[in-house]
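Structure first, then comments.
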Amino acid sequence: MSRVIRISKFEFRPSTSEIRSPASLFSFSAFALSLSSLPLALLTIACGRSGGTDSFRIPFSASAIVDNSSDAGISPSLRFDAQRNAFISYYDVKCKALKLIQGVPSEAGYAWQPIVKTGDANLLDCGPLEENLAVIRGQIVDLGPRAGQGVGYFNWLLLDRDARPHVVYYDGDNRQLKYAWATGTNPDGTWEFKKVFLDSSGSAVGKWLTAALDEATPQNLHVAYVDSEFQKVKYLRWNRSWDEAAEKDRPVIADIELVDLGNVPGQEPTGKPLAAAEGSRVAVAISPGKSVADQDIYVLYYSSSDGDLRLATRKALSPRGTAFAISILDDLPKTKASGSTPELPGDLTPDNVGLWPAAIVDPNGILHIAYVDDSNKDLKYLLYSSKLGKWFPRYQRVKNFDVSKIQVLVELLDPETVETETRVVSEQPLRDLSLSTGTTVLEEWVGEVVIDGSGAGTGVAASITLDPFNRAILSYRDGTTGDLRIAFQDSLTPSVVGHSWITVPLDDPRTVGMWSSVEVIAGEEPQDWALGISYQGFQLLETGARRHVLMFRYFDKLEA
């Protein structure tokens, strides 16, 4: 049965006091601008309707600890199948093991299937069973020596067409990239897994990873990750063709390539691969297509060499050795050069932008990206339309000397209709008189939307998903309070980048939100959808100490 959590106050991000550049000038809609006269962003919105008397409300069905058998809940990855069954892979600190737990929908939200087999070496009891708590332990997918570094701290869960779980993960004991996939079920509901090494080329290969299964038949596996030994970004594609008898205990033969060779258009080649930041996830996304030949590969990563967010793109079936096309998406830092007007990328001092990227491609082929701007302490968002070949919002500075003005325009994309709209953001006095009268100069640059500027650490380990109308929903950590937050677009306006975002804290004394994974639960009709979030939480013990637990929240859809 559903009930309502009432949040007494929340903030639109960014507020008018946080405008720093053209990119943030249009980071909320006309509706949000109409509210800018309020002394504080304490708004009375009820489920997307303005003018109400209630605070913003989040209907939800259930919140539960799904594993507190030990120090669990690190790096959870959540997926739902077509029957709304939930699957979560996660790392158990005390066990040093990769776990998988399953939940089935019920009237109370979700019922999590207990794994209680004892005496089985693969289901080692890694923690005490408190009688006063509903202890539910997940199935152990892979378990290394208890004295080792552990298996599965970095992991990514996928479901194939038959709703079987696949997990790509870092084996810390062998310091290699590993892959496990289910081949069937046992009568008690646990899965049987096959396991292979994907990359064993270095002494620390496979950290900070993400993975995807494409739409081809059979489905190919795509993985982006960090080679920590050499600080390189790597991309791997494997057709999952494997002869168990001949190849058991040996790395599979997969296409493994360096993503960034240091060659960026408009810059001098460095001649060496660019470094990937240790401590920042690498994101991979695959565009929709019935065959691999129709699909594009997107790899997003933070370059610690230059402190910027980069995108590597290529066709999935490009010949081996074909270089990725590298684009710098955001290198806007926090300060501008003295006297420069307006603030443009070329006027600014480089800094750290692009940490913790998260990406997803919608059915229209539009790439949605969220990432952390560590310089400005912001969580940001970008869109790219492969159909139009453009990034959005796209800013244009028009210098026309007949009107003695500089116009700054913004071109926005509606991700549902793939239509664009251009608006004047600002007009500024002409200052550069070096060109002859009547000359028009058009300059373009990629902009971004600031979703949340709460402070340092905001947006770390963010997760992104799409509702049935192709609007992005984010879960992430608030760096100031340590709370878990969700962010979604204002349903009063079309789902266009630049329109207002609503960020809502999910206050809970157990919540830390450092790791979260958000997924939409599809319904029979597009408007009949819900939302699930798995995340790391805290549990208070009788001694006053806290330990990590795996949390799960289930929400009704975020609009009336």
Side-chain angles (χ1 to χ4, degrees), residues 74-79 87-92 97-101 138-144 149-183 191-202 204-216 218-228 232-242 247 250-257 259 276 280-286 297-301 316 357-360 461 463 515 517 519 534:
I74 301 292
S75 190
S77 185
L78 172 67
R79 298 291 181 267
F87 300 78
I88 307 174
S89 64
Y90 58 102
Y91 179 67
D92 187 308
L98 175 65
K99 284 185 173 182
L100 175 74
I101 197 164
Q139 173 186 0
I140 292 179
V141 175
D142 201 344
L143 177 70
Q149 293 192 16
V151 176
Y153 187 95
F154 302 97
N155 73 86
W156 200 261
L157 176 65
L158 303 164
L159 297 181
D160 63 22
R161 294 190 184 96
D162 298 318
R164 289 189 297 252
H166 299 239
V167 191
V168 182
Y169 56 102
Y170 177 66
D171 182 335
D173 295 320
N174 293 291
R175 301 173 69 81
Q176 295 172 353
L177 181 65
K178 207 168 184 180
Y179 174 46
W181 69 97
T183 58
W191 294 91
E192 297 176 352
F193 283 92
K194 301 289 187 183
K195 306 181 188 71
V196 296
F197 287 107
L198 294 175
D199 190 347
S200 304
S201 62
V205 180
K207 296 182 178 180
W208 311 105
L209 63 91
T210 63
L213 286 170
D214 60 30
E215 296 182 351
Q219 291 180 284
N220 294 275
L221 175 69
H222 304 260
V223 189
Y225 56 101
V226 172
D227 183 331
S228 297
K232 298 174 183 176
V233 180
K234 283 187 172 181
Y235 162 76
L236 176 150
R237 181 173 68 87
W238 185 42
N239 61 11
R240 301 196 296 119
S241 174
W242 183 59
E247 302 178 36
R250 293 190 301 172
V252 300
I253 299 175
D255 291 331
I256 302 173
E257 303 175 65
V259 169
S280 178
R281 180 192 296 140
V282 178
V284 65
I286 310 298
I297 305 166
Y298 300 105
V299 180
L300 287 128
Y301 57 100
I360 192 169
S463 177
W515 303 98
S517 182
E519 283 287 310
S534 63

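- In this structure, the side chain of R161 engages the main chain of E215 through a donor-acceptor pair within 3.5 Å.
- Atom CZ in F154 sits 12.0 Å away from atom CG in L177 (nearest 0.5 Å).
- For the pair D162 (side chain) and R164 (backbone), a donor-acceptor distance under 3.5 Å is absent.
- Here OH of Y169 is found 11.5 Å from CG of L209. Values are rounded to the nearest 0.5 Å.
- E519 and L78 get closest at one heavy-atom pair: CG-O, 2.9 Å.
- A donor-acceptor distance shorter than 3.5 angstrom exists from the side chain of T210 to the backbone of V282, with no hydrogens or angles considered.
- Panel note: side chain R240, backbone Q219; a donor-acceptor pair is recorded below 3.5 Å.
- Classification of D142 and K195 as a salt-bridged pair fails, no side-chain N sitting under 4.0 Å from a carboxylate O.
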After noting the C-alpha distance and the side-chain angles of R79 and S517, does the key distance pass the side chain to side chain contact (heavy atoms under 4.5 Å, CB included) rule? CA-CA 9 Å; R79 298 291 181 267; S517 182; 4.1 Å; yes

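- P165 is listed as a side-chain neighbour of L100, based on a closest heavy-atom distance under 4.5 Å.
- At a threshold of 4.5 Å between non-hydrogen side-chain atoms, the residues D171 and F197 count as touching.
- With W208 contributing its side chain and V226 its backbone, the two residues share no donor-acceptor pair below 3.5 Å.
- Taking NZ of K234 as the reference point, atom CD of E257 lies at 11.0 Å (rounded to 0.5 Å).
- Using the six-membered ring where Trp is involved, H166 and Y179 have ring planes that are parallel, under 30° apart on the 30 and 60° scheme.
- Between the side chain of D227 and the main chain of K232, no donor-acceptor pair closer than 3.5 Å is present.
- Residues F87 and W191 meet the side-chain proximity criterion, which asks for heavy atoms closer than 4.5 Å.
- Between L236 atom CG and I256 atom CD1 the span is 4.5 Å, to the nearest 0.5 Å.
- Judged purely by atom type and a 3.5 angstrom limit, S75 uses its side chain to pair as donor or acceptor with the backbone of Y153.
- Using modelled atom types, one side-chain atom of D173 and one backbone atom of G150 make a donor-acceptor pair closer than 3.5 Å.
- What you find for A211 and L221 is that their closest heavy atoms are CB-CD1, 4.4 Å.
- Residues forming a side chain to side chain donor-acceptor pair (under 3.5 Å) with S534 (at least two apart in sequence, or on another chain): none.
- The closest side-chain heavy-atom distance from S77 to S463 is not below 4.5 Å.
- Nearest heavy-atom pair, P76 versus W515, reported as atom, atom and distance to 0.1 Å: CD-CB, 3.5 Å.
- Rounded to the nearest 0.5 Å, atoms CH2 (W181) and NZ (K194) are 8.0 Å apart.
- The shortest side-chain heavy-atom distance between I297 and I286 falls under the 4.5 Å cut-off.
- Here the closest heavy-atom approach between residue L159 and residue L213 is recorded as O-CD1, 4.0 Å.
- Of the possible donor and acceptor atoms, none in the side chain of N155 sits under 3.5 Å from a partner among the backbone N and O of V168.
- Atom CG of D199 sits about 8.0 Å away from atom CD of Q176, to the nearest 0.5 Å.
- When all heavy atoms of K207 and S228 are compared, the closest pair comes out as CD-OG, 3.2 Å.
- Taking each heavy atom of L300 and P357 in turn, the nearest pair found is O-CG, 3.7 Å.
- Of the possible polar contacts, none joining the Y301 side chain to the V259 backbone as a donor-acceptor pair under 3.5 Å is found.
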